[in-house]
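The structure appears right after this line, and notes come after that.
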Number of protein chains: 2
Amino acid sequence: MNTDVSEILKRNQLSVTESRRRILDLFKNNNGALAHADIEKHTGEQFDRVTIYRTLQTFVEKGIVHTIPTADNSVLYALCKDDCEPGHHHDNHIHFICDQCGTTYCLDHLTIPQVSLPHGFRETRTDLVVSGKCDKCA
Amino acid sequence: MNTDVSEILKRNQLSVTESRRRILDLFKNNNGALAHADIEKHTGEQFDRVTIYRTLQTFVEKGIVHTIPTADNSVLYALCKDDCEPGHHHDNHIHFICDQCGTTYCLDHLTIPQVSLPHGFRETRTDLVVSGKCDKCA
DNA sequence: TAATGTTTTGCAACAAAGTTGCAAAATAAA
DNA sequence: TTTATTTTGCAACTTTGTTGCAAAACATTA
Ligand SMILES: [Mn+2]
Ligand SMILES: [Mn+2]
Ligand SMILES: [Zn+2]
Ligand SMILES: [Zn+2]
């Protein structure tokens, strides 16, 4: 599993460091989305807060994880499963946030419908976030 | 225009205070969305930061304005045009955020398409936010 | 209009979240 | 192994948001 993670880092021209391996590993073994605070909890006192911020930022830039906007103004991060590239994400799937348990699901098989914008408007990114209760909490 | 604004406040069982009139007026004369910082700028040193926070919170609760989630983790507020009620918003329209000029548009005539969720998932709120370049910046 | 009760405001103090510069440590390249 | 490059942790700081409480503003009633 570590080799797996290291491969991803190398493929993206990133130095393989302990924090990056550890954080990427967390995403791999946690098929929901993670907030900055979640990562801080899971990694304990192991890494500095600043390192986590910078690592997440790097991962987003490289197209390894994508961000998910939420109604309550907290940023969530989840692994990219599509062929995302630096500066150009393709995670056009719907996200579901459970109000009860807090879990965020990447609904990979549900693609975001095409929106026909008013004349002159150019789309570069679309987020479709549904919140409510998940199957376990309903 | 002030009477207009006062009416809205009274209709929602809110005391008519200067800060509430002023802030609601801002929304009326600004048909995009406003961030907390925007309001702080427009009203100058007139009101305390805390008052603005509390006023926005009150407006959201009463269904006078609604929030718009953004990819960059900043909360935006916009006037409700539909028949929103306390604790129950009906602003199911698409939002567009221009990366260039920063303007946020409520695309009232574009309703959010129905999403068929996996079995057991219950929807309570759906946000569809498109970002890119608006007609003025394209 | 004036007196009274209720709500809202501003202040201060605090907590949480995020950013930046820089020297030390870790990693990659030679 | 040595050297060059990148990343990390620390400290200090900024920005954003929250809370308790007394003073001020507002609504109500007489
Ligand atoms: Mn996702
Ligand atoms: Mn809107
Ligand atoms: Zn749940
Ligand atoms: Zn624009």
Side-chain angles (χ1 to χ4, degrees), chain A residues 2-3 5-26 33-62 64-65 67-77 86 102 104, chain B residues 2-3 5-26 33-62 64-65 67-77 86 102 104:
Chain A
N2 258 348
T3 55
V5 178
S6 299
E7 275 314 306
I8 297 175
L9 292 173
K10 280 178 194 159
R11 196 184 312 144
N12 285 278
Q13 286 129 359
L14 290 175
S15 316
V16 179
T17 68
E18 204 188 335
S19 41
R20 284 175 181 167
R21 270 197 290 121
R22 189 85 178 70
I23 293 174
L24 190 46
D25 218 53
L26 259 184
L34 296 172
H36 179 276
D38 295 324
I39 296 169
E40 217 170 341
K41 265 174 216 150
H42 281 87
T43 55
E45 306 270 303
Q46 201 167 3
F47 308 113
D48 194 82
R49 245 161 29 90
V50 180
T51 302
I52 299 175
Y53 279 116
R54 291 197 268 226
T55 302
L56 287 171
Q57 201 175 294
T58 304
F59 284 0
V60 170
E61 282 163 6
K62 287 292 184 178
I64 299 172
V65 304
T67 57
I68 305 166
T70 65
D72 75 327
N73 188 27
S74 64
V75 186
L76 295 176
Y77 300 86
T104 298
Chain B
N2 257 350
T3 56
V5 178
S6 300
E7 277 313 308
I8 297 175
L9 292 173
K10 280 177 192 158
R11 195 184 313 143
N12 286 277
Q13 286 130 359
L14 291 175
S15 316
V16 179
T17 68
E18 205 188 333
S19 41
R20 286 175 180 166
R21 269 196 290 120
R22 189 85 178 72
I23 292 173
L24 190 46
D25 217 53
L26 259 183
L34 297 171
H36 179 276
D38 295 324
I39 296 169
E40 216 169 342
K41 264 174 215 149
H42 280 86
T43 55
E45 307 269 303
Q46 200 166 3
F47 308 113
D48 194 83
R49 243 160 31 88
V50 180
T51 302
I52 299 175
Y53 279 116
R54 292 197 269 227
T55 302
L56 287 171
Q57 201 174 294
T58 304
F59 284 0
V60 171
E61 281 163 7
K62 288 291 183 179
I64 298 171
V65 304
T67 56
I68 304 166
T70 65
D72 75 327
N73 188 28
S74 63
V75 187
L76 296 176
Y77 301 85
T104 298

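Throughout, protein chains are lettered first and strands after them, A, B, ... in sequence-line order, and every chain is numbered starting at 1.
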What integer distance in Å separates [X]:[atom1] from [N]:[atom2]?
X     : N      : atom1 : atom2 : result
B:E18 : D:dC26 : CD    : P     : 7 Å
B:F47 : C:dC11 : CZ    : P     : 12 Å
A:Q13 : D:dT6  : CD    : P     : 12 Å
A:R22 : D:dG9  : CZ    : P     : 13 Å
A:D48 : C:dA23 : CG    : P     : 17 Å

With respect to the phosphate group of C:dT27, does any side-chain polar atom (N or O) of A:T17 fall under 4.0 Å of OP1 or OP2?
no
Check the phosphate of C:dT9 against B:S19, side-chain N and O only, distance under 4.0 Å to OP1 or OP2. Yes or no?
yes
Is the base of C:dG10 touched by the side chain of B:R54 through a donor-acceptor pair closer than 3.5 angstrom?
yes
Any N or O donor-acceptor pair under 3.5 Å from the base of C:dG18 to the side chain of A:R49?
yes
Side chain of [X] - closest among [options]:
X     : options               : answer
A:T55 : C:dG18, D:dG17, D:dT8 : D:dT8
A:T51 : D:dT18, D:dT8, D:dC26 : D:dT8
A:V50 : D:dC10, C:dT9, D:dT18 : D:dC10

Are any non-hydrogen side-chain atoms of A:I23 and A:F59 less than 4.5 angstrom apart?
yes
Compute the angle between the rotation axes at the two ends of the helix from C:dT1-D:dA30 to C:dA30-D:dT1, each taken over five pairs, rounded to 10 degrees.
40°
May I ask you to say what B:Q46 touches in the nucleic acid, namely base, sugar-phosphate or nothing, with a heavy-atom cut-off under 4.0 Å?
sugar-phosphate
Quick one: do the B:T70 and B:S74 side chains pair a donor with an acceptor below 3.5 Å?
yes
